[in-house]
Amino acid sequence: MSTNSLQQHGNEPTRGNNIPDLVMTTTDLNINGLEVTDKIGDHQMIDFSLEVQDSNTRTRHKQVLDYKRANFELMKEELGSHNYEILMSNKNAEESYMILKEKIATATEHHILKKRVRPISNPPWFSQEIKCLINARQHSYRKLKRYQTEPHRQEHIHACRAFKRTIKATKRNKEITVAAQAKTNPNSFYKYGNHRRLKRDIIGPLIDSEDSTQTNNKSKAKILNTNFTSVFTHKDLTEIS
C-alpha cells in the first residue's frame with residue numbers, strides 16, 4: 001500500500017476475529033472518528049468521517065504578480081536599506097531565512113503590482129477549431145432532441161465524427177511537434193509529458209521527532225523544514241576580522 005501512497009485505517013475485526021472490511025485512502029486525505037459500531041447481520045458497521053476538499057469551488061480569476069509593471073529600482077533600494085548583520089545576529093539558519101523572506105515579501109507587495117488572470121484548464125492541444133466543433137455538436141444534439149427526424153440524426157452523427165477526427169489529428173500533430181522540438185525546447189516536452197500523467201507523486205506519511213506518524217500536509221512540511229535546516233551551521237560573525 002505504501003508504494004501506491006495508500007493508508008489503511010482501522011485494524012479492528014468486524015466479523016468475528018477477521019477484518020474483511022478495509023478503509024483505505026490516499027495519504028493526503030484524513031479519516032476522523034473511525035470506530036466499529038453495532039452489528040448488522042453478521043457484520044459490524046464502521047463509522048467514520050472523511051475530510052475532502054470541494055473541487056468545484058474554483059475562482060474565475062486569480063491574482064498574480066505583474067513583473068512588467070514592477071519598479072525594481074525602488075525594490076532594490078528598500079531591500080538595501082536594512083542592516084541584515086544586525087537583524088540576523090544570534091539567529092539560526094531558519095530564523096535568518098524567515099527574516100529575509102519577510103523583507104522580500106514586504107518589498108514585493110510595495111513595488112510589484114498584481115494583475116487578474118483567468119486560470120487555463122484546457123489541454124495543450126485545444127484549439128479554436130475544436131471549440132467550434134464542440135459548439136456544432138451540441139447544437140446538432142439540441143436539434144435532434146427537439147425534432148427527432150432522420151436528417152437531424154445524420155447531422156448529429158456527422159458532427160460527432162468530425163469532432164472525433166479533429167481531436168485525434170490535433171493530438172497527433174501536437175505530439176509530433178513536441179517530440180521534434182524536444183532537444184531545442186525541452187521545457188515544452190516535459191510540460192506536455194507532465195500534463196499527460198494520470199497520477200502525480202505525493203509525499204507519504206512522515207515520522208516526527210516524537211515517533212508519531214504525520215499525514216497532514218502542514219505537519220509534513222514542518223518535518224521536512226526542520227530536517228533541511230538541521231544541516232546548516234551558524235557562524236559567529238563577531239570573530240570575522
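Predicted model, so just to flag it, every value in this text is computed and none were measured. In what follows, every heavy atom counts, from backbone to side chain, and hydrogens, waters and symmetry copies are set aside.
Side chain of Ser89 to main chain of Ile86: a donor-acceptor pair is present (N/O by atom type, distance under 3.5 Å, no hydrogens or angles). Side-chain N or O atoms of Ser188 include none that pairs as donor or acceptor with a backbone N or O of Asn185 at under 3.5 Å. The backbone N or O of Ala169 sits less than 3.5 Å from a side-chain atom of Asn173, completing a donor-acceptor pair.
Through chains of ILVMFWY side-chain contacts below 4.5 Å, Tyr192 is grouped with Trp125, Phe126, Ile130, Leu133, Ile134, Phe163, Ile167, Val178, Phe189, Tyr190.
With a 6.0 Å radius and a threshold of 12 heavy atoms from other residues, nucleotides or ligands, Tyr147 has its OH atom at or below the threshold. For NE2 of His139, the number of neighbouring non-hydrogen atoms (other residues, nucleotides, ligands) closer than 6.0 Å is 12 at most. Taking a 6.0 Å sphere around CD of Gln138, one finds it holds more than 12 heavy atoms contributed by other residues, nucleotides or ligands.
No continuous path of ILVMFWY side-chain contacts below 4.5 Å connects Leu74 to Ile104, so the two sit in separate hydrophobic clusters. Residues Phe72 and Leu79 fall within the same hydrophobic cluster, defined by Ile, Leu, Val, Met, Phe, Trp and Tyr side chains chained together at heavy-atom separations under 4.5 Å. Under the 4.5 Å side-chain heavy-atom criterion for Ile, Leu, Val, Met, Phe, Trp and Tyr, Leu224 and Met98 are members of distinct hydrophobic clusters.
Applying the ring-ring contact (aromatic ring centres under 6.0 Å, His included) criterion to His111, with sequence neighbours excluded, gives no partner residue.
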Quiz item: Checking side chain to side chain contact (heavy atoms under 4.5 Å, CB included) for the pair Arg146/Arg142: CA distance, chi angles, key distance, verdict?
Solution: CA-CA 6 Å; Arg146 182 177 180 181; Arg142 287 194 295 267; over 6 Å; no
Quiz item: Met88 and Leu100: side chain to side chain contact (heavy atoms under 4.5 Å, CB included), yes or no, with the steps?
Solution: CA-CA 9 Å; Met88 298 181 182; Leu100 181 60; 3.9 Å; yes
Quiz item: Between Tyr97 and Asn92, is a side chain to side chain contact (heavy atoms under 4.5 Å, CB included) present by the stated rule, with each step listed?
Solution: CA-CA 9 Å; Tyr97 167 74; Asn92 57 30; over 6 Å; no
Self-check item: Stepwise side chain to side chain contact (heavy atoms under 4.5 Å, CB included) test for Thr166 and Glu129
Solution: CA-CA 8 Å; Thr166 307; Glu129 181 184 5; 3.9 Å; yes
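In this structure, the side chains of Lys62 and Arg116 stay at 4.5 Å or more apart for every pair of heavy atoms. Between Gln128 and Lys131 there is a side-chain heavy-atom pair separated by less than 4.5 Å. In this structure, Lys222 and Lys218 have side chains that are in contact, with non-hydrogen atoms separated by less than 4.5 Å. Considering only heavy atoms from C-beta on, Asp66 stays 4.5 Å or farther from Ile112 through its side chain.
Rounded to the nearest 0.5 Å, atoms CG (Leu87) and CD (Glu95) are 12.5 Å apart. Put simply, OH on Tyr67 and NZ on Lys115 are 10.5 Å apart, with the number rounded to the nearest 0.5 Å. Here OG1 of Thr108 is found 10.0 Å from NE2 of His110. Values are rounded to the nearest 0.5 Å. Once rounded to the nearest 0.5 Å, the distance linking NZ of Lys103 with OG of Ser81 reads 8.0 Å. Atom CD in Glu150 sits 9.5 Å away from atom CG in Leu144 (nearest 0.5 Å). Expressed to the nearest 0.5 Å, how far CE of Met75 lies from OG1 of Thr106 amounts to 10.0 Å.
Across Ser140 and Ala159, no two heavy atoms sit closer than the pair OG-CB, 3.7 Å.
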Donor-acceptor pairs under 3.5 angstrom involving side-chain atoms of residues 204-214: please list them, not counting sequence neighbours.
unit_1	atom_1	unit_2	atom_2	d
Asp208	OD1	Glu210	N	3.1
Asp208	OD1	Asp211	N	3.2
Asp208	OD1	Ser212	N	2.9
Asp208	OD1	Ser212	OG	2.9
Asp208	OD2	Ser212	OG	2.7
Asp208	OD2	Gln214	NE2	3.0
Ser212	OG	Gln214	NE2	3.4

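Ring planes of Tyr141 and His156: tilted class, angle from 30 to 60°.
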